[in-house]
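Have a look at the structure below before the remarks.
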Amino acid sequence: MELFTYYRSTSSYRVRIALALKGLDYTALPVNLIAPQGGEHKQAAYLALNPQGRVPALRTDEGALLIQSPAIIEYLEERYPQVPLLSSDLVTRAHERAVAALIACDVHPLHNVSVLNHLRQLGHDEPQVLQWIGHWISQGLAAVEQWVGDDGYCFGPAPGVADVYLMPQLYAAERFNLSLEAYPRIRRVAALATQHPAFIKAHPANQPDTPK
Ligand SMILES: N[C@@H](CCC(=O)N[C@@H](CS)C(=O)NCC(=O)O)C(=O)O
């Protein structure tokens with residue numbers, strides 16, 4: 001498989017964690033979102049693959065090109081079920097998917113690069129942009145804190161899809177200097193995941209395009 005990825009992209013990071021948890025090999029094809037001559041994701045070569053001009057995109061072993069991290073992660077779950085990322089219990093699966101949707105639909109899109117640039121174009125200064133980011137991330141994490149379980153990862157002893165979405169969101173929170181003090185359950189999950197080899201492998205600090 002080939003993954004079009006950017007080291008700091010939280011959507012790419014989700015897919016990297018899912019691949020690593022499942023022990024799947026892939027070639028990383030970095031797409032520089034902040035190249036000085038203009039982001040590579042907006043150039044014709046990449047737009048021909050993904051007309052939305054965003055990362056990640058995954059080329060499967062069979063040559064299909066997939067976009068949108070939730071669709072890619074579901075594909076991986078169905079195609080490579082050996083290490084499941086969803087519980088066998090239907091209600092727990094719904095809880096896990098709720099965390100994924102909360103982050104992917106209600107938090108991350110509000111602090112995506114293009115959304116922040118649009119705020120700047122509308123005249124908002126950096127403190128206002130940071131306040132916007134902090135508002136939405138904090139609101140989302142406060143809800144996740146109430147939703148996850150009392151021990152282990154988000155929903156039990158093994159990492160699953162909720163953790164796949166949560167850890168990149170925490171990376172974004174850290175990037176924007178947001179405190180996790182108010183979220184003890186989330187901090188417990190983070191303490192476990194930061195020691196897990198799959199999460200370490202997928203981390204933005206450990207990618208081929210990470211600035212040295
Ligand atoms: N819903 C998409 C979001 C993808 C997305 O927004 N990716 C960001 C990086 S995390 C991106 O490519 N941003 C470029 C831009 O907004 O111009 C997914 O989950 O794959």
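Counting from 1, the numbers follow the sequence of the chain as shown. When a ligand or atom number is given, it counts from 1 through the structure's own listing order.
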If you apply the rule side chain to side chain contact (heavy atoms under 4.5 Å, CB included), what do you find for Leu76 with Met1, and how did you get there?
CA-CA 11 Å; Leu76 293 172; Met1 283 183 275; 4.0 Å; yes
Side chain to side chain donor-acceptor pair (under 3.5 Å), that's the test. Do Ser114 and Arg54 meet it? Break it down for me.
CA-CA 10 Å; Ser114 48; Arg54 293 192 182 194; 3.1 Å; yes
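Contact annotation: Ala104 has no heavy atom less than 4.0 Å from any atom of ligand 1.
Taking any N or O of Ser114, backbone or side chain, at least one lies under 3.5 Å from an N or O belonging to ligand 1. Below 3.5 Å of separation, one finds no N or O of Pro70 facing any N or O of ligand 1.
Taken from NE2 in His111 to CD1 in Ile133, the straight-line distance is 7.5 Å, to the nearest 0.5 Å. Distance check: Leu49 CG to Arg59 CZ gives 5.5 Å after rounding to the nearest 0.5 Å. The CZ atom of Arg8 sits 6.0 Å away from the OH atom of Tyr171 when rounded to the nearest 0.5 Å.
Looking only at protein heavy atoms, the nearest one to atom 4 (C) of ligand 1 is Val55 O, 3.3 Å. Here the heavy atom of the protein found nearest to atom 19 (O) of ligand 1 is Ser69 OG, 2.6 Å. The nearest protein atom to atom 10 (S) of ligand 1, hydrogens excluded, is given as Ser9 OG, 3.1 Å; this is a heavy-atom distance. In this structure, atom 17 (O) of ligand 1 lies nearest to the protein heavy atom His41 NE2, 3.0 Å. The closest protein non-hydrogen atom to atom 3 (C) of ligand 1 is Ser11 OG, 3.6 Å.
Close approach to Thr10 involves these atoms of ligand 1, each under 4.0 Å from a residue heavy atom: 10 (S). Using a 4.0 Å cut-off to heavy atoms of Arg14, the atoms of ligand 1 that qualify are 19 (O). Within the listing of ligand 1, atoms 20 (O) sit less than 4.0 angstrom from a heavy atom of Pro56.
The 12-atom threshold is not exceeded at CG of Asp151, counting heavy atoms of other residues, nucleotides or ligands nearer than 6.0 Å.
Residues His108 and Tyr165 keep their aromatic ring centres 6.0 Å or farther apart.
Within the 4.0 Å heavy-atom criterion, the part of Asn112 lying near ligand 1 is the side chain and not the backbone.
Side-chain contact between Val144 and Leu102 is present, with at least one heavy-atom pair separated by less than 4.5 Å.
The one candidate from His203, Lys201, His196 that meets the side chain to side chain contact (heavy atoms under 4.5 Å, CB included) condition with Phe199 is His196.
Nearest residue to atom 1 (N) of ligand 1 from Gln68, Lys42, His108 is Gln68 (criterion: closest heavy atom).
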